[in-house]
Amino acid sequence: MSELSSELHACSARIDGVLHQLLPLEQTPPCDLHRAMRYAVLGGGKRLRPLLVYATGQMLNAGLDALDASAAAVEIIHAYSLVHDDLPAMDNDDLRRGRPTCHIVFGQATAILAGDALQALAFEVLAKTPLAAGLEPSIRLEMIRTLAEACGSRGMVGGQSLDLGVVGQKIDLDTLEHMHSHKTGALIRAAVRLGALAAECRDRSVLDALDEYAYCIGMAFQIRDDILDVEGETTVIGKRQGADQALNKPTYPALLGLSGAREHLAKLTERAVNALSGFGDEAEGLQKLAHFAAIREK
Ligand code: GRG
């Protein structure tokens with residue numbers, strides 16, 4: 001993460017503190033469930049989605065306090081999706097963020113419930129926490145709708161369903177892109193949109209430019225993930241290298257070759273940065289995050 005600015009590092013520390021406070025305490029019954037929820041959320045992670053919320057919101061002049069709830073909600077949804085994605089019925093992974101996956105530590109039943117409870121918690125955070133107290137009710141409602149749509153059957157979960165259906169199949173680039181724009185991209189787009197909403201931005205041209213940016217970095221992020229599955233190291237990426245190949249999943253390197261995947265990634269990163277051209281120096285945080293998504297090593 002050395003390529004990120006000190007402001008983004010500060011936001012990364014900030015979201016850890018916010019999440020720490022929002023999650024139920026381990027000593028509060030049902031203790032096992034709460035331990036599993038905290039394990040899933042507080043066990044590291046790059047915090048890319050909260051950083052997108054903070055960078056977008058700050059660019060549009062929102063205060064950090066107004067952004068905490070959205071940043072926490074997207075990260076909590078992301079953590080739930082990883083817990084469920086790692087289950088034996090899905091990708092059956094035993095390593096995540098450099099540690100045993102949630103179901104390995106707590107058992108499948110508790111891991112499923114932890115994911116369920118995290119999903120509910122994300123919406124509770126957006127709906128009622130005092131962290132979002134400064135926001136107009138209509139904005140808050142739009143945030144809840146944005147997140148619900150992004151993580152439901154027309155967003156992330158829909159993408160996961162498509163992913164299950166294409167294992168072992170040869171698919172074309174459009175189909176791969178459609179799947180990832182839902183599975184990985186929808187939540188990343190929601191993060192950027194939530195940052196803009198928290199800044200009470202209603203300017204259609206600003207929202208459209210940000211959505212183009214978010215679409216591009218979501219896809220670039222996924223391509224980098226696919227490349228790391230081929231050439232990353234398990235100890236660095238914190239999950240098993242080669243897991244996609246072992247499951248015979250269609251990936252960008254499988255479809256385009258490694259150099260083709262790298263070229264596609266570079267084009268998307270350029271498109272993402274171009275989408276920010278109207279924002280001037282204020283967009284530095286988002287620019288840095290676009291480059292980070294493209295070159296990250298884990
Ligand atoms: C099971 C409901 C359900 C959804 C799963 C997004 C997703 C949908 C599963 C994750 C599978 C996966 C590894 C996708 C590749 C891109 C991705 C989301 C990687 C993990 O995100 P990072 O790298 O993780 O931001 P950290 O640990 O840094 O937070």
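These numbers were taken from a predicted model, which means no experiment stands behind them. The basis for the numbers below is simple: all heavy atoms, side chains too, and nothing from hydrogens, waters or symmetry mates. Every number for a ligand or one of its atoms is a count from 1 in the order of the listing.
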Could you name the protein residues that come within less than 4.0 Å of ligand 1, counting only heavy atoms, and order them by chain and residue number?
Gly45, Lys46, Arg49, His78, Tyr80, Ser81, Leu82, His84, Asp85, Arg97, Met156, Val157, Gln160, Lys183, Thr184, Phe221, Gln222, Asp225, Lys239, Arg296
Identify whether the distance between the nearest side-chain nitrogen and carboxylate oxygen of Asp229 and Lys239 falls below 4.0 Å.
no
Salt bridge present between Arg240 and Asp86 (N-O < 4.0 angstrom):
no
For Tyr39, the other hydrophobic cluster members (4.5 Å side-chain criterion, sorted by chain and number) are Val105, Phe106
Which residues pass the side-chain contact (heavy atoms from CB on, under 4.5 Å) test with Ala148, not counting sequence neighbours?
Phe123
Other ILVMFWY residues reachable from Leu25 by side-chain steps of under 4.5 Å
none
Are any of the side-chain nitrogens in Arg145 or Glu142 under 4.0 Å away from the carboxylate oxygens of its partner?
yes
